Each structure stands twice: as C-alpha cells, then as structure tokens.
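First comes the structure, then the notes that go with it.
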Amino acid sequence: MRVAQVIINRPAKQLHKPLSYLMPEKFGNVLPGTRVLIPLGHSREEGILIGYDELVEPPEFTLRNIVQVLDSEPWFTPKMMDTARRLNEYYLFSYGDALRLFTVNKTLKSYEAPKEEWLVVMPEFSVAQFSERKKKQRELAKYLLEVGGASKALLLAKGYSRMVIKQVSEAKGIVVEARFKATKTTFDELLTEEVNIPLTEAQQAVYGPIQDAMNSHEHKTFLLHGVTGSGKTQLYLRATARCISQDKTAIILVPEIILTDQIVKRFVETFGDEVVVFHSKLTVQQRNNNWERLRRKDSHIIIGARSAVFAPAEDIGLIVVDEEHDTSYKQEDMVRYHARNVALWRAEAHGCPVILGSATPSVTSYYKAKQGEYHLLELPNRIFEQSMPKVTIVDMKEEILHGNYSVFSDAMSRLIQHTLDEHNQMIILLNRRGYNTFVMCRDCGETIMCPHCDVAMVYHQAGEELRCHYCEHHEPIPTVCPKCNSKRIKFFGSGTQKVEEELRRHFKSARIARLDQDVTKNKQLAEDILHDFGAHKYDILLGTQMVSKGHDFKDVTAVGILTADSVLNIPVYTASERTFDLLTQTSGRAGRGEKPGSVVIQTYNPLNYAIIKSKAHDYIGFYNEEIQNRKSLGYPPFREMIHMVVRHQDMKTLESIANRIVDDLESYKGNQDILINGPYEAPIKKVRDMYRLAIMIRGTDLTNLKEYIYNSWIFTQEGLLIDVDPV
C-alpha cells in the first residue's frame, strides 16, 4: 500500500511530524513538494506532500484520503526539500518551518499586481483529442506538450489566433492559471557572452582555483581571506560572469539590507537585467516579479541579505557569502538558522562552488580552512598596493586622569579637525543608538527600567521619550524619581543622538549625517544618506555597526571608534572575535583612495589582545591566540553548542519546567561526552513580561541528542527557544 506523507503547512510545534494519507488515483502521480488539502479532525488543512511510504501490511487505523491537490507542479524541488531536511535535523525546527523558508519570496494570498493567463498542461492532455482538420489547434497542442505551459500573450506573439488559443484552453487536460507577469528593471537585453572582468595579477592567482571548480562543476568551499580594499568584489564579479555564461544562477549574499544597494549597483553596471534583488523590505509585487523572472530564467543573478539564500533558483552554479563572518547571517527570531550553513548545503545539493569572503573570517571558518575542509585563498594586500591605515589606540582612563571627560579624546578631536581642514571625510562608530544609554536618580541610584523587560530604558531625543529596545515600550521622561521622588534625574552614557549633538557643538562647520537603527527603519532615507555621503555632501558619517560594513568611499581618510569595549563586554564566547572584527572592519574604511588613512580607537582595555591585534590589522595573530583559548575552554569549533531559553510568566512554573528538561537530558546523555549547564538566569531575566531561564549544552557531537530532543516532549514544550550554534 502506497501512503502519502504530509506535513501541515502552518507553524504548529505539536504537528511537526508527518501525517499519513491515501492519494486517490484520480489525482495521478503527484510529486513530492506539492501542496495538498487534507482532512484533519473536523477541519481541512493545507499540507505539503513530502514523499510516499510503502506499507507491507494495512495499518491498524483508518487512513483518510487527500481531498485536493492544490498545485499543477511542485512548489519545492527535490534539492530544496533536501536542504529543508538538513535544516530540520541540524537546527531543530520543524520540517514544515524549514520548507516555508523557501516561500519567503512567494505569497500564498492574492495580491494586486499585473497578471497574465497561462495554459498549463496536465497529465491527461493529448494531441489526439483534436481532429486532423484542426491543424492550428494540434500544432499549439504539440507546442504546449513540449514546454509544459505558456502564457496567452506569448502564444499570441507566436501567431496563434485568440480563437485557437480559446479552443485549446477548453480542452481536456488544460488548466488556465493567472500568473504574475514578470517585468524587467534595467536593460532590455540579457547577456549572452561572458563579460570580461579585469583582474590584477594577485586576483587572477586567487581566481584560478575557483574557475577550475566552476569549469568542472565541482562542489568546493573557498574561504577568500582578503584585507579590506583588496578587491574581493571584483573576484565575485568575475566568478559570476563565468557562472551565467554557463546558463546557471549565482546567489550573492550580503549581511545587511542597507548594503545590498551598493553591491547591486556594481553588479547592475556590469550585468544589467541579469540581476534581481531579494530582501525582506521588498513589496509583494516586487518579490513576485523577481520570483517569476527567476522561474522563467530571465535573470541569473540573485543579490540579497540572509533570506536570499532561499531564493527559488533551480540551477545554481555559484554562491557567494560576502563578509561571511558577520553575525547578521544568523537568524535569531522564531526559526534560528545561519545563512552561511544553508549556502553550503544548497551548493552541495547543486554541485557548485561557494566563496566565503571576508577580511576577518570567522574563527570557525578559518579553522576549517587550516584543517583542509575549506580551500584557503588569500589577498594579503590592498589593490594597487595602498597602505593600510595607521591606527592609534587611546586609553580613556588616561584621558580622565588628565581631566578630559568628553566623549572625544584629545587624539580624536585632533583627527576630526585635521580631516575637516583637509576637506576629507570621516566615519565615526559608536555601537549604541539613542540619545543617552540610561536614566538614573542621583540621590538613590534608581535606574528607570522597562516595566515589561529587565533592561534600562533608553532616552530618545526624537519624541522626547524613554524607549525599551526589546519590546518597544515607550513612556515620557519622569520629572521625579519613581522610588524616592527626587528631582535629581540624570542622563548617563552617550548614544548616537547625543554624540551627533556634541559633534555639532564642537565642530560647527562640519556637515554631519547619522546612520543608526532609528534612521534605517526608513530604508530610502538610509540609502539617501549613504549616496549623499558618497557624493561628499557630508563630512562626517556617524553611526552604529552598519557604518563598519562593506562601504567603499574614496574620500574617507579617517575613522574614529568611540566605544571599542562595548562588544568586548558582552557575555558570549565570541566577544573577542566580534570586537576584533568590528575594529578591523571599521578601520578598513579609511584610506581606500589615493590618500593615506588614519584611525583612532578609544578603549578602557588597551591591553586586550583583540584590540592590540586590530591595531596592526593582524588577523593571523588574533586567530592564533583566540583558537587556543577556544580549545582550552571547549568552545566551537572544538565542541558543538545548543543554547536553550525557557520562558514563562510564573517563575515557579518556569523553574519546574527548566529543571525537568535538564533532568531528562542528563538521564539521556549517560556516559556521552556532553556537558549540560543550567538552568541559570538568562542575561536578561525578563522580556515582554516573560521570565527566562537558560540551559547550555556542549559536546563533541550532538547529533543523537538533537534527534532525541526533536522526538521527545521537550521539543513541543511551550515557551522553549532552541538556538543551535549560538553566536
């Protein structure tokens, strides 16, 4: 007996396992990946057919029939389904959730957008149903059988009359579908020959192995370690040109939406309408337009942030993960995955190369390259041999001893003034947003906290209010302390808005732009700021981490980093790596043109190895020290990690659930090399009125433990968040 296995197509942890149904013969051979309508209890649900099982003996229970097949062809290809299965098993979220990631650029519901009618061929369609006298109808039928389906507009363009098209559309085995009409955005013609991308001698040496892998259609992972300004994008362009000349699709990932426009410009200038863009800020119409262009192979290049790795490409020939070290590639909400891993899995399924590019590769990636798992390619010098910027480290404790309590050290102030005098540009990084970091009573020491989260409220000048950055609760600034009624309320710390105000006060002639998360909520405004800064309409670009990534401004000769320690003090094992990455990447924005660059880094920890190595742009030195620390402490890449957070509104109930999870896992692990720490209070013990306890699991191989968790009561426990490979 052939039994269909169906996954419910909606988020429901209790329904994470496949259900069995009978497929009525009238539906013919329905392929896995197709959406179906199934009975569930007294209702009907949309499901996804994931395969069939052959039962030797009838089951003990009655199997129900699938009610309807919803698609004329599968939504998900076998390669997509294979990748979804790996996501399901590795990251511990349901197979249905994994499959839905491939629909982020589709829409299930109707939308207002240009559509066109298609004639789609079903299995029962045949030429024989048209008489020999109806030559045009038979000719059209043969064509449709060859291509599987076509739009009415295309058939009209091919010379078939409306009457012939109508008669064929009404025949047995033809379904008329309303499909989205894809439009192009730039050039009228697609490229038919490989574009010549000039490379330097150093770049050509690095490109050779990549070209060999593409020519042999071989899956290899290349780690491209190139210093800032070494021309990694030029290599991406060259590899992409080779990819599309083979009539294959290239996926180019960048860590932030705000960076897509910069790299898109480079690619569109080179490849024109071959480029489509995928990211979460696109409208429904734009997403469907891009999806349809890919489906019809009108375009061969996909550029986007994290979710673009799930774009519906069927013939992938190259995947590039730019700034592969960046933590933005880790999805932290709901379904937690790392886009870099997904890129590797998709490339493996398609048998194509992957390029992981970075000036500061992740410690894990570099370790794998040193072990021979990845192929290491290096560009140790900037293109045209420009020198790396000179970096000065300032100990802010010394500044205070000398009576300087300003947010700007003397060295920073001199660098800002010199940059303005020379009519150059400067980037200043402050890894905070808002006006002040917190508000405190000077009499009793009470900090104004969010009523729903265990975090301090942040003052935002816009709106004159306090705001929580976790739940977005906001309230007016108190005039008296809520604890002791004192009027001595004081703002502490410096956010981007406060620093902008300080800059305007001390450097009155400076044209200043601010770029932080508050600004980038309006994507167009953020793009305009970057465009205007590139056109030298601003002298200083002040911002949070997004000013450190991927920007290439030729007139930027100076970089200032105000709070080098902000990431270093985060209680995660990657704190030193994040700090080195941030300082090195931000420093690398300076001196990329003809003029030399200068950098000032302000810190309270000038002897920390991450800060010392960043001064010399010494990635290898940092890596050697960091990898030894990871090995001695049992952190990745030497051990795997799973971080769990259990949430509940009642603390006693929460403690009971968390202790039960730990007891169950301890009982299962037995003598396996697995360490279970917890439950312990999460760094932020309450978010959105939910108390939080954490459990950390580490082991040399957690594959079996993951399988146990997925099939036990733990997986369906309400309020449990599971984060595999926390960063």
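From a predicted model like this one, the values you see are computed outputs, not experimental measurements.
- The side-chain hydrogen bond (donor to acceptor under 3.5 Å, both in side chains) contacts involving residues 674-683 comprise nothing, where partners must be two or more places apart or lie in separate chains.
- The main-chain N or O of K686 is never found under 3.5 Å from a side-chain atom of R692 such that the two would form a donor-acceptor pair.
- Side-chain N or O atoms of S614 include one that pairs as donor or acceptor with a backbone N or O of I611 at under 3.5 Å.
- A donor-acceptor contact shorter than 3.5 Å links the side chain of T574 to the backbone of V727.
- Between F715 and Y710, the ring centre distance stays below 6.0 Å.
- Side-chain atoms of T584 never come within 3.5 Å of backbone atoms of D581 as a donor-acceptor pair (strictly under, hydrogens ignored).
- A 4.5 Å side-chain heavy-atom check between Q585 and T360 finds at least one atom pair inside the cut-off.
- Under a 4.0 Å N-O distance rule, the pair R100/D97 qualifies as a salt bridge.
- Applying the side chain to side chain contact (heavy atoms under 4.5 Å, CB included) test between V646 and each of I695, N659, I714 identifies I695 as the sole match.
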TODO: Let me see the working for Y708 and Y668 under ring pair (Phe, Tyr, Trp, His ring centres under 6.0 Å), right down to the final yes or no.
DONE: CA-CA 8 Å; Y708 172 75; Y668 168 79; 4.3 Å; yes
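- Comment: E577 engages R630 in a salt bridge, judged by a side-chain N to carboxylate O separation of less than 4.0 angstrom.
- Under the 6.0 Å distance and 45° angle rule, R589 does not count as a cation-pi partner of F553.
- When the shell of 6.0 Å around NE2 of H418 is examined, it contains 12 or fewer heavy atoms from other residues, nucleotides or ligands.
- Crowding of Q417 atom CD: a count of heavy atoms from other residues, nucleotides or ligands under 6.0 Å exceeding 12.
- Counting non-hydrogen atoms of neighbouring residues, nucleotides and ligands closer than 6.0 angstrom, the OH atom of Y691 reaches no more than 12 such neighbours.
- Here the side chain of Y329 pairs a donor or acceptor atom with the backbone of L253 at under 3.5 angstrom.
- The shortest heavy-atom contact between F580 and A610 is CD1-O, 3.5 Å.
- With Y90 as the aromatic partner, K706 meets the cation-pi criteria of under 6.0 angstrom to the ring centre and within 45 degrees of the ring axis.
- A salt bridge between K397 and E399 is absent, with no side-chain N of the basic residue lying under 4.0 Å from a carboxylate O of the acidic one.
- Considering only heavy atoms from C-beta on, M449 comes within 4.5 Å of D454 through its side chain.
- Taking the six-membered ring for Trp and the full ring otherwise, Y91 and Y337 have centroids separated by 6.0 Å or more.
- The shortest side-chain heavy-atom distance between L541 and L530 falls under the 4.5 Å cut-off.
- Each of M396, H402, E398, R414 was evaluated against S409; a single residue qualifies, M396, per the side chain to side chain contact (heavy atoms under 4.5 Å, CB included) test.
- The side chain to side chain donor-acceptor pair (under 3.5 Å) check on K330 picks up D723, with sequence neighbours excluded.
- Taking the side chain as every heavy atom from C-beta outward, F93 and N88 never approach each other to under 4.5 Å.
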